Every structure is written in structure tokens, then in C-alpha cells.
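Have a look at the structure below before the remarks.
Residue numbering restarts at 1 for every chain, and letters A, B, ... go by the order of the sequence lines. Everything numeric here is computed off the predicted structure, so don't read it as measured data. Computed over heavy atoms, backbone and side chain alike; hydrogens, waters and symmetry mates excluded.
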2 protein chains.
Amino acid sequence: MDLYRLYFQQFKEKVPLTIEEQEQIQSYLTLKKISKKQYFLQEGEVCKSYAFVEKGSLRKYSIETGNEHIIQFAIEGWTVGDLLSFLSEEPATYHIDTLEDSELILMSKSAHDELLSIQPKYETYFRLLITGAYIALQRRHSFTLSLPVEQRYTDFVEKYPEIVKRVPQHMIASYLGLTPETLSRVRKRLAKGK
Amino acid sequence: MDLYRLYFQQFKEKVPLTIEEQEQIQSYLTLKKISKKQYFLQEGEVCKSYAFVEKGSLRKYSIETGNEHIIQFAIEGWTVGDLLSFLSEEPATYHIDTLEDSELILMSKSAHDELLSIQPKYETYFRLLITGAYIALQRRHSFTLSLPVEQRYTDFVEKYPEIVKRVPQHMIASYLGLTPETLSRVRKRLAKGK
DNA sequence: CCCATCCATTGATCTAAATCAAGAAAAGCC
DNA sequence: GGCTTTTCTTGATTTAGATCAATGGATGGG
């Protein structure tokens, strides 16, 4: 059985690899299983590894003045970590924990650095990964500033139906920058209007 | 006189270059002067070039339901463009125009693609450019969701004093997701509290 | 230098969402 | 299966910011 199947499926969609190259990159990866509600990263720690989700789900969030604000969800096929902390080896500003029992594929900072310097295809993969994340975040931020709440929620549901199924509603409210009560009322209004 | 001084200064902070490499890359760049209040890019067009600001200032914004929402300012040393449109050659979703007479250094899509394939240092530069932009945007988005307006404004002033000097206040309000009236009142409150 | 446009401020309302509070439903655990 | 915890909903109230409206000041083009 191939534990790295999903990782390389996504990698190869971005950058084709020969068998040898795949084996080379695979030798830098490690597997980690984490059970539900465990921290992958806590604010203040250095983010020593970047994680690809092979199975399960996680959330990345910050805590400001006592309130949690979810920045990102990560389910199968997504990549998650505190990028600034990972690259600079400074303390993380985000928390990351699991929402379900999960299996992660980890790339450590030293492995990352070494692969960048010896395997150009890894650099290309990483560039495309970050580029995609940046474009998506810009769209999201733009929507947050300009679209009414209803539209932001329906957009989210349409784009991430799988997350809606698996994640409690109050966390989706947090992701959208709303209170749970407001999201509940928004859903009610949408149900009526339909 | 070296018109590309600032561009290569920033490039070399990320990736050192030999004279020959610099000349190679320079041969792919073109200069463009645009006077104040002119479009660099309009929504619906394809973003054919990415721009580095050697002189002047620009804004990138979207229009949703009649309202302008400024996504980004770009002054000397910043890079601006519609990344999704540039990379995919699909119609742009943002407008970009100048706030002052400006001088831009342009990298066309074909030049970009060619440099990516022949000059690894350009790929590294571009990767680091996008990575930095992504980290900054994530911070900004996180602040938008979690910090009170006062703090968002003081944070902006502290981080971009030059932009505050050169850009009308109502545009800063737009960038922060506020109406001009609200920003005016926020500033008044801050002045009192001091 | 004058006029027009743009810009910032202030005041009076209005409204969407937060907050406070309570209870019902669902899920998880021993 | 019953108990606890989590989650979602609904209602009443408050509040931050939007909207509407008006004025004075600054800027810039001709």
C-alpha cells in the first residue's frame, strides 16, 4: 500500500516526476499520525515541519483578545503549516490542531532546504503550491471586504462542500469572521429565501 | 544612469547575481512610463505583464456592486499585477491604475516563462517574492478578521508611513474596509485618546 | 487667479451584526 | 442507557459602522 499516494498525485499534477525522482523526494518525507483534538503546532513554538494531509482534517487559527479566528481548514490533499515560522524558524503566530484522527506527511525544514538546493523540481512544486495559495487567499480577502455575508457563506458551501459536512458550523462562522449566532440566522434566511 | 537599479537591488537581496546573470535578466525587462490616473490594467483584460514600481504609485482594486475595494497599494520597490490573470492568461478580476506619474519595469508573460525555464535564479527570486506576499497577506487577512478598527489603522500607519503621506485618506479607508467617514472618526478618536 | 473637483470632517439616523441569555438537539463517553 | 459536553437555534438588546446629508478646505487645471 502506498501511503504517499495522494501527495505524489498532487505533486505530479504540478510537476511530472520520474520514478527515481519520486523515490528521492519520498526519502525526505516522514509520516505522522495524530488523533483528534491534538495540537500539531502551538503558538510560540517553531514550526519545524510542513504538513500534507493524507487523511483527516485540521484547522489553523489565531487567538486575539480571547477569540479564536480560524484562518484555514485542511482536509485530505491540503497542505498546512505556519509558513513564516517554518521558513524563518521564528516562533509561530498560529495554532494548528486536528479536528479528526489524521495522517500527515511531514517535510522538515532541513529536508525542505536540502531538497530546494538539490532538486529543482521540488522548488518548482513549492513555488506553484505557494502561488496557488496566494491567489486563493487574495480572492478570499477581497470577498471578505466586499461581499455580503450571505454570499460569502454560499460561496464557501459551494467551494468546500466536504468541509461543510465534516466541520462544526461554529467553526465555519469563525472562518467567515462571524459569530455562530449570526451564521445560524444567515442560514435560516437563506433557507426561507430559497 | 541605471534605470533598473531598484529592481536589481531587491532581486539581489533575495538571490545574488553575477554581472552576466543580471544582464541576461535585464534583457527581458522593459520600461514603461505612465502618467497619473491612467490604467495599467482593466478588469476583463488579460494581465500581459507584471510590474515593478521604480517610481510613482499605483493601486489595485476590485469593483463589487458599485463599490471600489482597494486590495493593494504599490509604491517604489513594490511589485504589482493580477497574478491569476498573468499566469493563466484569463481575464483579470482587478483594476490597476496609477495614483502618480510612474515608471514601471515590466516582465511580460513570455519573458517570465522563458526566464523560468532557463535561469533557476529567476525562479528562486519569483518563489521568494510570492512567498513574502503570501505571508504578508495572511497576516493582513488575520488582522482584518480579528483586530478592532483603531488597531488596524495604527498598524497600517506604522507599517506604511510613506503610503499614508502620499495617498488620499479615503483610499486608505477602502484598503482597510471602511467608509471614509468612519476612518475620519477613528482618527479623531485616536487623536483624543493620545 | 478663479472655478471646479476632490477631499475631509461632522451630525443625524439607520441597520447589520455582536452580545447576552436561554433552551433544545445532537454527539460523545462511561 | 443515561449523563455530560458540545452544538445549534431563537429571542431581546446593544453597538459599531454604514448611510444620508451638508459644509468648509484643499488642490489642480486652464
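Between D/dT6 and A/His170, no contact under 4.0 Å exists linking OP1 or OP2 to a side-chain N or O. Note on A/Gln169: every side-chain N or O is 4.0 Å or more away from OP1 and OP2 of D/dT6. Not one side-chain nitrogen or oxygen of B/Thr179 sits closer than 4.0 Å to the OP1 or OP2 atom of D/dG17. Between B/Ser184 and C/dT9 there is a side-chain N or O to OP1 or OP2 distance below 4.0 Å. In terms of phosphate contacts, B/Lys188 brings no side-chain nitrogen or oxygen within less than 4.0 Å of OP1 or OP2 of C/dT9.
Across all strands, A/Leu178 comes closer than 4.0 Å only to sugar-phosphate atoms, never to a base (heavy-atom distances).
Taking only distance into account, the side chain of A/Glu181 meets the base of C/dC20 through a donor-acceptor pair shorter than 3.5 Å. Donor-acceptor pairing under 3.5 Å, judged by distance alone, is present between the side chain of A/Arg185 and the base of C/dT19.
Distance, A/Lys36 NZ to D/dT5 P: 16 Å, rounded to whole Å. If you take NZ of B/Lys37 and P of C/dT5, they are 12 Å apart, rounded to a whole angstrom. Protein atom CD of A/Glu100 is 14 Å distant from nucleotide atom C1' of C/dA27, rounded to whole Å. One can place CZ of A/Arg166 at 19 Å from C1' of D/dT7, the figure rounded to the nearest angstrom. Computed from coordinates, the A/Arg189 CZ to D/dT9 P distance equals 13 Å when rounded to whole Å. Rounded to an integer number of Å, the gap from CD of A/Glu68 to P of D/dT7 is 10 Å. Rounded to whole Å, atom P of D/dT9 lies 8 Å from atom CG of A/Leu183. Going from atom CD1 of B/Ile172 over to atom P of C/dA8 covers 8 Å, rounded to whole Å.
Annotation: side chain of B/His69 is not in contact with side chain of A/Ser142 (no heavy-atom distance under 4.5 Å). A/Arg59 has its side chain out of reach of A/Gln72: every pair of non-hydrogen atoms, C-beta onward, lies at least 4.5 Å apart.
Across C/dA17, D/dG28, D/dT9, the shortest atom-to-atom separation from the side chain of A/Val149 is found for C/dA17.
With hydrogens and angles ignored, the 3.5 Å screen pairs a side-chain donor or acceptor of B/Arg152 with a backbone N or O of B/Leu176. Formation of a donor-acceptor pair under 3.5 Å by the B/Thr98 side chain with backbone atoms of B/Ser35 is found in this model.
In terms of hydrophobic clustering, with Ile, Leu, Val, Met, Phe, Trp and Tyr side chains grouped at heavy-atom distances under 4.5 Å, A/Leu84 and A/Leu106 are assigned to different clusters.
Mapped onto DNA chain D by nearest heavy atom, B/Asn67 and A/Met171 fall at different nucleotides, with A/Met171 at the one closer to the 5' end.
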